[in-house]
Amino acid sequence: MTQSRPNEFIAPPECPVFEPTWEEFADPFAYINKIRPIAEKTGICKVRPPKEWQPPFACDVDRLHFTPRIQRLNELEAQTRVKLNFLDQIAKFWELQGCTLKIPHVERKNLDLYQLNKLVNDDGGFDAVCRDRRWSKIALKMGFAPGKAIGSHLRSHYERILYPYNLFQTGANLLKPTLTNDTKDTDYIPHDLPQRQSVQPLETCSIARRAKRMRAEGGCMKTETAEDCENRPNLRRRMGSYVAKPEPQLVLVKPVEVKLEPTEHEDPITSDKESVFSKKNDPAVDQYMCLVCGSGSEEDRLLLCDGCDDSYHTFCLIPPLHDVPKGDWRCPKCLAQECGKPQVAFGFEQAGRDYSLRTFGDMADSFKSDYFNMPVHMVPTELVEKEFWRLVSTIEEDVTVEYGADIASKEFGSGFPIRGGRFQVSPEDEDYLSSGWNLNNMPVIDSSVLTHVTADICGMKLPWLYVGMCFSSFCWHIEDHWSYSINYLHWGEPKTWYGVPGYAAEKLEGVMKKLAPELFESQPDLLHQLVTIMNPNTLMNHGVPIYRTNQCAGEFVITFPRAYHSGFNQGFNFAEAVNFCTMDWMPMGRMCVDHYRHLDRYCVFSHDEMVCKMASKADTMDVALASAVQRDMTVMLQEEDKLRDKVSKMGVQQSQQVEYDLLPDEERQCSRCRTTCYLSALTCPCNPGQLVCLHHAQDLCSCPPNNLTLNFRFTMAELYPMMEAVTLRAESYTGWVSHVTNILEAKQDKKSSLEVLRSLVEDAEVKQFPQSDLLRQLCAVTVDAEKCAVVAQQLLNGKRQTRFRSGGGKSQSQNLLTVEELRSFVRQLHKLPCSIRQAPLLKDLLTRVDDFQQRSERLLSDEAPRPAELQSLLDVSLSLDVELPQLSLLRERLEQARWLEVVQGASSQPHSLCLDTMRRLIDQGVGLASHALVERAMARLQELLTMSEHWEERALSLMETRPCHCVETLEAALQEVASIPAYLPNCLLLKDTVDQAKDWLQEADTLQVLCPRCEAGTGSQKSKSKRAKDVAQFNKRSGTWLDCLSDVENALLESKDSASAMATLAEVRQKEMESLLALRASNESKLLQTGDCGALRVCVCHNAPLGAMLQCELCSDTFHRSCVSGSNQDPQPNHAWLCPHCRRSEKPPLDRVLPLLASLQRIRVRLPEGDALRFLIERTVRWQHRMQQASAEGVLGVSLTSHQRWGSSSPTTAPSRETYSASFYTDHQCIPLQGLSPELEELMVEGFLLQVTLPETQQLYMSLSRLDSHNLTDSPSPQHSTEQDQHQHNPQGGSPPHIQNGVACLKKEAVNGKRTKRCMEKEGSERKDKAKKPRKKKPKVNKERSQEAKGTCSPTATHSDLSLSDSDEDFTLCAAQWCREPEGKQVNWVQCDGSCQQWFHQICVGVSAEQAEKEDYICISCTQPDHTRE
């Protein structure tokens, strides 16, 4: 069943499916007219209502009982029915010969005798095919494979079964052919189609559709008695059962008895042939004579015909019969008469039982589930479709179904609710009562033409119900009068439809007549009987366009005028259908009447009567309908006038008026063409019950024309005024249409005003013009124009939704027209068929908007527009009541431009561009829209901010780092910072610090504070600025000391902290002392030699001493006065004279140096010069301390050990003149050579080496100069040594009060409350280790000096310890080594936050009150690491 076959059904293309909206669904005819251009191209279409449209099912299910029609599927198809009729004729032919027809088997399938007969006849007949040996070609045409000798079998079967029948059809004298059957042949059971014709429809409708009410013609239908029905084999299949043909078997079936028409001499005859022989002894037997030989002899060989009782000898027949045939026998005469009867019209017979809707559904579901062996809802529609077309095309399988069709809804109720019906409609479903899609309302709504047909025609004006089951079908047909039809499937399984467009109707009729001409010979109007279908694939193969669809529950299917349609049901369902006609149908309706006239088919209603009734209501008629009626009436009157003129010319003189609309249709039917007459007809007294239309005036009777009478409903004089009224009504609409059309199509310079359009709309409403497309267009244009006028006025007034929505929070720009909408609006105004006064103003507004957009594009394309231009453009936009997309961009660009302007202004003033400003600008820039300039400016700002923050942190770090950085490091950092265009407070503070350091260095250079020398006797180092000149002056003779001094400076520069610098300076000081003492010893020994003085080399000129010489008190060398006179170095009274090599600077007083050290404390920079100054102060303090010890011990009184002279022969001179030899002498006061003890010599040398002027130095010099020789000793007294040692080991020993003029030993405690942990300085021990380089000549002295240096190297520690043990009066002493002893308001204290925790005057250490309050203060001693104090 499901196996694919070569000729398997191929589904046609789908028809269009429409899904109207609620607005479109409101007017069914308007929507159908809208979709008609598309849908009529396919003949049918499907409409899906909105999902919410679900009418209740209102049919009375309990009262609905019906008798369905029986449908045998293989009898429905035209070509299959032709084959069945042919086989029935063959079977009857052989039955009348007393033989049974059996279908032969060829290649395991039944032989198609109809195709074989047709192919042989098409090839010239049996004799021609045999003569030309074309049986193999016949076999190929029938689809048999070649090479199996099928042709010979076909010839044998044809000659045995078909050839005698064809000979009989040609009139040949075939008296008694015989039919021999093969045991494998299949018995053929005749379908007996003539005995199963359509029965009459039930007269349940008071005014049934006339096409179904008309009685069948006499003789077209045969009836059977009850006895005949009992005797005749029951060939019907049980309803709902599937019966397959049995396998071929040897079973003789009694042929169906054919009832003959009664004859005048009909006598009962016996079927037993032996009864003829029993009449031998009967006297009446002699009356039977052989019609061939005319003799009555040999009665035992005389055959009696079962049809006409004629007698024939068996040996007289051709060919002669050897035996008496069994069963009925017909003579050649009766055989020709029986086989020559015309075929009876085919129709459906009614079922034998009555069904309710429930019982029919049970039967239908049971049949489908049994047939497909699966639940009904699981059977695919494609499978059902293919199986249906397979079943209708086979003659081997008989499947019978039943179809409840054409059930009158008037008796049992429609499926839709109706007013006054038995079904109670709920309030929410009352809209379905008046819905235009309710099939009870659709034919009679105002737009329907059928409203003017008074009769309630079932099926056309009253819906019919259809209850279907699987395979039940409706055959190819078109609706009566070629009207529209609409079908609604209330519920159940789908209904499959096939449709042909109206333009292809004649094509379909021609194809069906061509493929089944035998059916149309007996039934010319076969397609109007709804009893024949043909496979859509067959029609499509012949060029007929066919479309299909599956109608599901809740869907409409609409067929269009003259569109053939057919289909079948997929299963149990319930549908409802009705016809309707729109005004566009009227020309088709008149064409249909003419078509019916040629087919001699009766009409359902009179088309002319309908037109006249419509014309009688011209005043209230819909104007669009009036136009259609006017056109149709013009054709009708022209034809009627011609026909009446023709009848008048025939000679018909009598006429009378007859109200045909009061007569039933059966009494005013044309006896010739069955057309329903209305305007006119002809009658004759010879036949009062008959009449003819004027088209068939000559077919009424043979009476002369003057006997005929013209019956008319209206005179022509009455008809024309009726048409004039319709024309007037139509023309009023036509004039309105013309006026509206001219306005809608008017050019720009000829447009009418909006008031004209309003007047036309009002005119259409007053005159009730139809809702045509033109009126809808006019209304739409008027509404659009009014809306445009209102919107235009609002736009011009600037009041179009310009306020903020309450509570919505949305800006007005969201309610304005966009530029494109304004442009479209202006174009719409331009396209309007009318003119409004606001149009020019709106055009000007659009021009200003376009200008704004152009300026906007120009500014937006500029990379850096000016803020003023952007603001000006934004001000212009305020006058444009339009949503401008550029506004947001312009605002963004304005914000960007303003921000960039601020950034540029800030960048142009770097002195005011601080970090907060940069952060604020960056925060503002983050909120701006992305732009290249903004991104670049942001990147620059971010880079500048990052760099600035980095340098601010670094500058702060450079200033706060301990130990402090050197000037070079800070200057290098400032050079990098100088390129940063920003205001950096820390960097500026760093720059101020560097400037302070430079100022300090300049001041230090002015004071000529120098560091120690590595070697003694080097030249003067007055200042760095003079050093280059000194180098140029003494380059040749003093290059060694330059290198050594440069090494000292480099060591100071490379030292990482002050502690290492101080250690380096201490080491250099030790070397300086050792080298200078060595130089003194060398010079003294040179001068004390008693030898020739000419060999001596002295002075800077390296010549021998001569005359008055100057002796340096430091290096003990002598110099010619002339060699040093240009150096402003003349000896001063009571002052030690130093040579140019030993005199390095002007030696400023200590009170000028101490403020320099105080200012150094405020500079957060590490300066090598500062370290040198700090070392100088400490060295000075230590020397002062030693000086104090020496004075306290009385060393100065016994310092000289001898008073030797360089020459014993020198004359005695004054005390101020020293004579060394006869060649030279000193002319100024000086200390005698080798007249000092080592301690005093070292004390004196170091005092002369100090770069500051001290009164102690001058006091020491004066003391040593005044000493007598008898007071000199070789070494210090034991008491002196002991006291000195005790002083060295007693670091807490007191200091004389006479040295408090700048180097006080006791320090005061501050009063600001600071107390931190103190730590003893350990610098002295470190320096002691570095200074332990003893001299060979005086090791003891060196040892004592080392111990002295150990005890005096850290005076701050000594004074600090004193401050902890002295009385309360000691707390008033400042710990600063250079205390200025302030008084009054200047006495402010600060405590060291380092390890010593000593108190200092703020003015003495250069600290302000604010700095002392906010910052930590660390004294000079605590800045040195602990390892330097060990």
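Bear in mind that the values here come from a model prediction, so they are computed numbers and not experimental data. FYI, the numbering just counts along the sequence from 1.
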Problem - Electrostatic pair R562-E506, nearest N-O below 4.0 angstrom - result: yes
Practice task
Apply side chain to side chain contact (heavy atoms under 4.5 Å, CB included) to P494 and list each qualifying residue two or more places apart in sequence or on a separate chain.
Solution key: T381, C552, Q570
Practice task
With sequence neighbours left out, write down each residue that passes side chain to side chain contact (heavy atoms under 4.5 Å, CB included) with T42, or none if nothing qualifies.
Solution key: C15, P16, Y547
Handout entry: Test ring pair (Phe, Tyr, Trp, His ring centres under 6.0 Å) applied to F416 - qualifying residues, sequence neighbours left out
Key = Y488, H490
Problem - side-chain hydrogen bond (donor to acceptor under 3.5 Å, both in side chains) against D112, all qualifying residues, sequence neighbours excluded - result: K83
Problem - Within 45° cone and under 6.0 Å: R601 NZ/CZ vs Y596 ring - result: yes
Problem - side-chain hydrogen bond (donor to acceptor under 3.5 Å, both in side chains) involving H565 - partner list, sequence neighbours excluded - result: H477, E479
Practice task
Can you sort out the partners of E52 under side chain to side chain contact (heavy atoms under 4.5 Å, CB included), two or more places apart, ordered by chain and number?
Solution key: W22, P50
Practice task
For the pair S483 (side chain) and D480 (backbone), establish whether a donor and an acceptor sit closer than 3.5 Å, ignoring hydrogens and angles.
Solution key: yes
Handout entry: Check: F580 ring centroid to W585 ring centroid under 6.0 Å
Key = no
Problem - Pairing residues for F18 by the ring pair (Phe, Tyr, Trp, His ring centres under 6.0 Å) criterion, not counting sequence neighbours - result: none
Practice task
Using ring pair (Phe, Tyr, Trp, His ring centres under 6.0 Å) as the criterion, list what pairs up with F572, not counting sequence neighbours.
Solution key: W491
Problem - Centroid-centroid distance, W497 to F474, less than 6.0 Å - result: yes
Exercise for the section: Using ring pair (Phe, Tyr, Trp, His ring centres under 6.0 Å) as the criterion, list what pairs up with F568, not counting sequence neighbours. Expected result: F388
Problem - Listed partners of N33 passing side-chain hydrogen bond (donor to acceptor under 3.5 Å, both in side chains), at least two apart - result: R36
Handout entry: side chain to side chain contact (heavy atoms under 4.5 Å, CB included) against P37, all qualifying residues, sequence neighbours excluded
Key = none
Fill in the blank from the handout: Sorted by chain and residue number, the side-chain hydrogen bond (donor to acceptor under 3.5 Å, both in side chains) partners of W389 (sequence neighbours excluded) come out as Y498
